[in-house]
Amino acid sequence: MPKSLTEWLQHLETLHPAEIDLGLERVSRVAERMGLFENPIAKQVVVVAGTNGKGSTLAIADAVARGHGLRVGTYSSPHLLRYNERVKIDGQEIKDQPLVEGFERVEQARLQAPEISLTYFEAGTLCALWCLAQENLDLAVLEIGLGGRLDAVNIIDADVAVVTTIAQDHASFLGTDISQIGLEKAGIFRPLRPAILGSQSLPSSVADTAIALAAPVYRLGLAFNHSADSKGNLPWCWHGLTSEGDTISLDALPDPGLPIDNAATALQALAMTGLALMQKATQNALAQVQLPGRMQWLGQWCLDVGHNPHAAAYLAYRLPSPPEGGRQWALIGMLNDKDADGVIAALAPRITDWVCVTLDGERGRKADELAKRITAQGGCVHCCADSPEAGVEALAPLLAPNDRVLVTGSFFTVAALLARPLPQAQ
């Protein structure tokens, strides 16, 4: 067997003929062999699905729960710089050794006769669940990878299930019909267990699925709400329900730097676990929550992993204007299976100048192809580069002190630049 985490991750890439192969049969059989269904992985489990907002909701729920003294474990994907980011215990990235041991357990179970093939994500999910199960957790918050109903995370029954938003993404796997996408996301709901709906514009298929399961529905704008607009104007207040059905309000909450809808949704999900939300603990947690790659400012540079039109529209709305006389640049790199035209159209009203970069790999989109789409919409493309790093080098001498740069389009684009210092105009 592989010995190091690096060796394991390389090994996982060879196990299955397809990168994505949705379905629960194979992963459930291996989980059963591992004994993952014998005991709950935590006293309470929250599962979060949605096209956008999953990571923000998870990060806020994690921070607030820990702020109330709970021992919390989280599983999210993808990672930006280190695989260890995917599994956190009490806010800290897991060490290599537990992951190595977890992958060994997965491999031992997988190789039992008859041998079962797993994708990289499926093996990683089983490893993460095994690691979390060793930690005597009060709460586990799990992020769905893709879809919901057939995602590997969905082998776990959620005590509280959250759907944040519904929009088009991963069309080759989920299709383009919003109602059907809603059905897939709602596949994480369980009979008689709370279903939290984190948007006021979800397709009816989401609530209908919960109702058919007799799952109590808690919808943003009805069962719970907030007093802030989507720019996060301060202070904001949250109004929701406890697990006993009593009303509760928290006032003077700070802007977490993430969508307020997601913050309100995270609070309602925690309330449904039975957590008694306290004013001061919630305020402190929201003031400290961090999620790299989401409206993350590094001097003149704003890094955001938004990669579909829905995310880009929110980003454009939140993006502040540069100082007077400054230009609003976008350094953008995207994958081939993403709606580039939709993303460009959403960002175009806020962007004055563009730099296009190529992303590596079979799914990577070429910079010149992106540039053609931008110019077709009337945008000004200054240059194309063969990597995000090369894009920074090309842009650096063009930057003025009052300019701002948005780095966006993909996790891969942001990850490439998080690991290096970014030039600041003097």
Heavy atoms from other residues, nucleotides or ligands near [atom1] of [X] exceed 12 (cutoff 6.0 Å):
X      : atom1 : answer
Gln112 : CD    : yes
Glu7   : CD    : yes
Arg219 : CZ    : no
Lys43  : NZ    : yes

Expected output: side-chain [X] to main-chain [Y] donor-acceptor under 3.5 Å:
X      : Y      : answer
Trp354 : Ala371 : no
Gln328 : Ser321 : no
Asp151 : Ile144 : no
Ser56  : Asn262 : no
Asp251 : Cys237 : no

Inter-residue atom distance [X].[atom1] - [Y].[atom2], 0.5 Å rounding:
X      : Y      : atom1 : atom2 : answer
Ile351 : Ile332 : CD1   : CD1   : 8.5 Å
Glu369 : Ile374 : CD    : CD1   : 10.0 Å
Arg373 : Asp339 : CZ    : CG    : 8.5 Å
Thr57  : Asp62  : OG1   : CG    : 12.0 Å
Trp301 : Leu395 : CH2   : CG    : 4.5 Å
Leu126 : Arg33  : CG    : CZ    : 11.5 Å

Only pairs at least two apart or in different chains count here, so list each ring pair (Phe, Tyr, Trp, His ring centres under 6.0 Å) that has a residue in residues 147-167.
-> none
How are the rings of Phe103 and Tyr83 set relative to one another: parallel (under 30°), tilted (30 to 60°) or perpendicular (over 60°)?
-> tilted
Any side-chain heavy-atom pair from Leu422 and Leu303 closer than 4.5 angstrom?
-> yes
Steps toward side chain to side chain contact (heavy atoms under 4.5 Å, CB included) verdict (Leu277, Leu267) | CA-CA 8 Å; Leu277 293 169; Leu267 295 180; 4.2 Å; yes
Apply salt bridge (Lys or Arg N to Asp or Glu O under 4.0 Å) to Lys88 and Glu93, showing your working.
-> CA-CA 4 Å; Lys88 293 184 178 180; Glu93 294 176 14; 5.3 Å; no
Residues Asn154, Val47; criterion side chain to side chain contact (heavy atoms under 4.5 Å, CB included); working and verdict = CA-CA 8 Å; Asn154 199 35; Val47 175; 5.6 Å; no
Answer yes or no: is there an ion pair linking [X] with [Y], defined by an N-O contact shorter than 4.0 Å?
X      : Y      : answer
Arg110 : Glu107 : yes
Arg71  : Asp138 : no
Asp255 : Arg318 : yes
Asp368 : Lys372 : no

If every non-hydrogen atom of Ala419 is compared with every non-hydrogen atom of Leu81, which pair is closest and at what distance?
-> CB-CD2, 3.9 Å
Just do the side chain to side chain contact (heavy atoms under 4.5 Å, CB included) check on Leu347 and Leu406 with the steps written out, would you?
-> CA-CA 10 Å; Leu347 293 176; Leu406 171 65; 4.0 Å; yes
State which residues pass side chain to side chain donor-acceptor pair (under 3.5 Å) with Glu122; sequence neighbours excluded, sorted by chain then number.
-> Arg26, Thr119
Enumerate donor-acceptor pairs with a distance under 3.5 Å from any side-chain N or O in residues 194-206 to protein atoms, sequence neighbours excluded.
unit_1	atom_1	unit_2	atom_2	d
Ser199	OG	Ser201	N	3.1
Ser199	OG	Ser201	OG	3.1
Ser205	OG	Ser179	O	2.8

